[in-house]
Amino acid sequence: MTSPDSAPAAWCVIGRAPDRALGGVRGMGSMIAVVDLDDARQRIGRHQLGVDELPEFVRSREAEDRPRWVFSDTPNWYPALLAAGVQIERCYDLRLTHAILMRSELVTDRGGVAAAEEWEAGPVSAPTAPEAEALFEVTERRSHIKTVPHDIESALAEFSRQSTAVQTASDPGRLRLLLAAESAGGLVAAEMQAAGVPWDVAEHDRILAEELGPRPARDAKPAKMLAVAEEVRAALDDPRANLDSHVKLLHSLHAAGINVASTSKWELEQSEHPAIAPLLQYKKQSRLLTANGWHWLDEWVSEGRYRPVYVPGGVVTGRWAASGGGALQIPRQLRPALRADPGWRLISADVAQLEPRALAAMSGDAAMAEAGRGRDLYSGLVAEGIVGTRQEAKIAVLGAMYGSTTGDSGRLVPRLRTSFPAAMGLVDSAAEVGSRGGVVSTWLGRTSPAPGEGWRRLQSAANQFDATPQDENRARRAAGDQGRFTRNFVVQGTAAEWALAWLADLRLRLGRLPTVDDGNPGAASAGEAMGNVATASGPVFSRRAHLVFFLHDEVIVHAPAQQAEAAAEAIREAAASAGKLLFGNAPVDFPLDLTISERAAKG
DNA sequence: ATTAAAGGCGCG
DNA sequence: AAAGCGCGCCTTTAAT
């Protein structure tokens with residue numbers, strides 16, 4: 001059962017053991033195989049154990065040699081370990097890494113990886129909605145979604161294919177960094193879901209009551225919404241106006257002489273009619289009720305914890321997505337409901353202007369780096385005399401990264417081209433490549449998807465001798481769209497890489513903080529390694545600072561009060577180290593806005 | 001009756 | 001109704 005003690009294992013591949021006795025019955029093999037590999041990916045040991053023995057096995061290996069655990073798919077393996085009180089330090093997530101390697105421009109020979117189609121699949125994520133029906137629905141739907149194989153032989157084969165692809169890549173170091181960061185993101189997502197965001201249900205309910213009135217019975221509309229709706233109907237002089245149907249509402253608006261082409265907020269704001277103000281309020285109320293009302297609270301918050309489902313790598317650019325609970329769209333209005341446990345603090349930190357800083361760093365644009373050094377980058381542009389106001393700076397910079405050509409933005413962007421030729425050159429050429437149908441890559445080598453068949457047909461149709469002006473228009477628009485996509489891809493994707501590096505490093509730093517004693521918050525026991533901390537009987541996250549929230553350029557850490565300063569320092573150090581790791585000594589800094597408080601009251 | 005698309009708005 | 005990127009979620013309406 002134990003490995004021959006030659007070199008310590010660098011990698012431990014985990015998978016289901018082939019189960020001869022049950023011969024494929026429902027695929028429910030209860031044995032797990034763990035294969036130890038050395039640095040050269042040679043097998044140096046094999047272990048076979050029961051599923052229930054896995055946590056203890058992992059715990060002891062974390063104490064012993066801390067290998068990189070190779071998983072088919074982190075959500076398939078890690079939640080059970082966490083539930084058993086075991087954290088790991090590093091992993092390699094074959095599903096996430098496969099998705100990168102099969103597209104990366106850095107990979108010169110991707111044949112083997114690309115052929116392994118069974119590794120192109122969605123994550124298995126444990127649904128967390130406590131409601132039975134919802135749970136059933138989700139499971140039903142998920143059962144049709146392809147998942148990656150979880151058996152040991154498939155994992156070993158895929159790991160071997162991927163290792164070859166990386167070794168032969170044009171810049172293996174960069175790619176390895178990306179794969180490690182991506183995998184660490186998988187761990188963070190699983191841990192954050194397990195820990196949950198401390199959520200003050202009473203405060204949330206208070207906010208709802210303040211905006212909407214007290215919780216109504218069943219699915220009735222809350223009192224304040226009904227009142228506001230009546231105001232709108234009165235102002236429109238249309239007692240039967242339906243505010244919930246944009247088609248009917250648009251009709252009512254026209255009948256009242258309000259000339260709008262749609263019922264969107266943006267357009268309504270242009271109008272001065274007395275019905276507009278209450279209508280906008282009604283829309284805001286309606287949004288709050290349907291998206292984050294009492295129903296949401298019942299479904300996603302339990303025992304004082306909000307547990308959204310994160311999907312690392314869910315966006316092609318490398319950003320995370322979410323697949324339940326709306327983690328990426330918690331309205332600022334509800335931020336006060338994020339509240340630390342008694343005796344704990346929330347440390348919120350976000351990077352100011354992450355994307356333009358990532359652009360400055362990757363393009364080596366010294367002037368742009370200088371504009372942002374130690375200060376708000378937008379104010380820096382004003383100080384350098386490039387634009388007149390901070391607002392103009394923001395419009396110009398966003399316009400440059402998104403590819404706007406008209407309006408204020410289109411007017412301001414050219415000034416950046418003069419001041420920041422390197423940065424603008426980078427995004428302009430990314431756009432050029434994309435508009436011709438090419439692919440582009442982030443700093444670490446994540447590559448954009450090539451445009452689809454439909455896009456290519458459009459372009460070739462426009463090049464036919466009998467092409468109509470419509471053909472040409474459509475093709476030109478599609479080319480422009482693709483160009484703006486690739487323009488933004490390199491920036492958004494590189495920023496996502498910085499954020500992943502930040503998260504990964506922060507996670508390790510927090511894991512090295514001492515645990516505090518539950519019963520006696522003053523006492524801290526020093527120096528325990530991650531994975532040795534929790535007992536099977538105790539929650540993993542109850543005794544030490546840990547990540548609870550991540551949103552593109554922002555983290556929230558939940559920490560015992562006496563550890564809050566140390567956690568804040570870890571966040572700052574992790575940011576500095578992420579910058580160094582990705583960009584070396586490029587003169588770009590990534591300043592944080594950081595606050596320690598009991599509530600995450602922002603915005 | 002079920003599914004897909006569209007409109008709208010929240011987040012970065 | 002966005003101009004100008006990337007998402008998820010909810011509701012209504014259109015399509016099958």
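Proteins come first, then strands; the chains are lettered A, B, ... in the order of their sequence lines, and each starts at number 1.
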Checking all strands, does [X] fall into the base, sugar-phosphate, or nothing category for heavy-atom contacts under 4.0 angstrom?
X: A:Asp244; value: sugar-phosphate
X: A:Gly403; value: sugar-phosphate
X: A:Thr406; value: sugar-phosphate
X: A:Gly325; value: sugar-phosphate
X: A:Gly410; value: nothing
X: A:Ile330; value: sugar-phosphate
X: A:Ser286; value: nothing

Residue [X], side-chain heavy atoms: nucleotide from [options] that is nearest:
X: A:His246; options: B:dG7, B:dC9, B:dG10; answer: B:dG7
X: A:Pro331; options: B:dC11, C:dT12, C:dG4; answer: B:dC11
X: A:Gln329; options: C:dT13, C:dG6, B:dG10; answer: B:dG10
X: A:Ser264; options: B:dC9, C:dT13, C:dG4; answer: B:dC9
X: A:His552; options: C:dG6, C:dT13, B:dC9; answer: C:dG6
X: A:Lys248; options: C:dT13, B:dG8, C:dT11; answer: C:dT13
X: A:Thr263; options: C:dT13, B:dG8, C:dG4; answer: B:dG8

Distance check needed: [N] [atom2] versus [X] [atom1], whole Å only.
X: A:Leu289; N: B:dC9; atom1: CG; atom2: C1'; result: 14 Å
X: A:Asn242; N: C:dT11; atom1: CG; atom2: P; result: 14 Å
X: A:Leu412; N: C:dG4; atom1: CG; atom2: P; result: 14 Å
X: A:Lys394; N: C:dC5; atom1: NZ; atom2: P; result: 17 Å
X: A:Tyr402; N: C:dA2; atom1: OH; atom2: P; result: 15 Å
X: A:Arg319; N: C:dC5; atom1: CZ; atom2: P; result: 13 Å
X: A:Leu280; N: B:dG10; atom1: CG; atom2: P; result: 10 Å
X: A:Leu359; N: C:dC5; atom1: CG; atom2: P; result: 17 Å

Just one of A:Leu334, A:Asp200, A:Leu212 clears the side chain to side chain contact (heavy atoms under 4.5 Å, CB included) bar with A:Ile207, so which one?
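Checked A:Leu334, A:Asp200, A:Leu212 against A:Ile207; only one passes side chain to side chain contact (heavy atoms under 4.5 Å, CB included): A:Leu334.
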For DNA chain C, determine which residues of residues 482-499 of chain A have any heavy atom closer than 4.0 angstrom to one of its atoms, and list them numerically.
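Heavy-atom contacts with DNA chain C come from A:Arg484, A:Phe485, A:Asn488, A:Gln492.
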Find which nucleotide of DNA chain C each of A:Thr405 and A:Ala322 is nearest to by heavy atoms, and output the residue with the more 5' nucleotide.
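Of the two residues, A:Thr405 wins.
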Taking for each residue the nucleotide of DNA chain C with the nearest heavy atom, is it A:Arg287 or A:Trp266 whose nucleotide lies nearer the 5' end?
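Here A:Trp266 is the residue nearer the 5' end.
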Is [X] near enough to [N] that one of its side-chain N or O atoms lies under 4.0 angstrom from OP1 or OP2?
X: A:Ser262; N: B:dG8; value: yes
X: A:Lys265; N: C:dA1; value: no
X: A:Arg332; N: B:dG12; value: yes
X: A:Lys283; N: B:dC9; value: yes

Mind checking whether A:Ser286 and A:Lys283 have side chains closer than 4.5 Å, heavy atoms only?
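Sidechains of A:Lys283 and A:Ser286: no contact.
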Is any side-chain heavy atom of A:Arg446 closer than 4.5 Å to a side-chain heavy atom of A:Glu182?
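Side-chain contact under 4.5 Å: yes.
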Say we look at C:dT13 and C:dA1: how far apart would their P atoms be, to the nearest angstrom?
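It works out to 16 Å between them.
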Determine the Euclidean distance between corresponding P atoms of C:dG4 and B:dA5; express it in Å to zero decimal places.
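That atom pair is separated by 25 Å.
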Begin with the C-alpha distance, continue with both residues' side-chain angles, and end with the deciding distance and a verdict on side-chain contact (heavy atoms from CB on, under 4.5 Å) for A:Leu503 and A:Val555.
CA-CA 8 Å; A:Leu503 266 189; A:Val555 295; 3.8 Å; yes
Between A:Met401 and A:Leu359, what is the shortest heavy-atom contact and its length?
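Closest pair (atom of A:Met401, atom of A:Leu359, distance): CG-CD2, 4.4 Å.
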Is a side-chain N or O of A:Gln285 found less than 3.5 angstrom from the main chain of A:Glu211, in a donor-acceptor match?
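Looks like yes, one N/O pair under 3.5 Å.
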Do A:Asp553 and A:Arg357 sit within salt-bridge range, that is, some charged N less than 4.0 Å from a carboxylate O?
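A salt bridge is absent here (no side-chain N lies under 4.0 Å from a carboxylate O).
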Evaluate whether atom CD of A:Gln270 has more than 12 neighbouring non-hydrogen atoms of other residues, nucleotides or ligands under 6.0 angstrom away.
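Atom CD in A:Gln270 is packed in, count exceeds 12.
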Are A:Tyr306 and A:Trp300 near enough that their ring centres are under 6.0 Å apart?
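Between A:Trp300 and A:Tyr306, which both carry aromatic rings, the centre distance is not below 6.0 Å.
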When both hydrogen-bonding distances must be under 3.5 Å and the geometry is Watson-Crick or G-U wobble, what is C:dG6 paired with, if anything?
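Because both required distances fall under 3.5 Å, C:dG6 counts as paired with B:dC11.
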With respect to A:Trp443, which candidate in A:Phe489, A:Trp498, A:Phe583 satisfies the ring pair (Phe, Tyr, Trp, His ring centres under 6.0 Å) definition?
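The residue from A:Phe489, A:Trp498, A:Phe583 that satisfies ring pair (Phe, Tyr, Trp, His ring centres under 6.0 Å) with A:Trp443 turns out to be A:Phe583.
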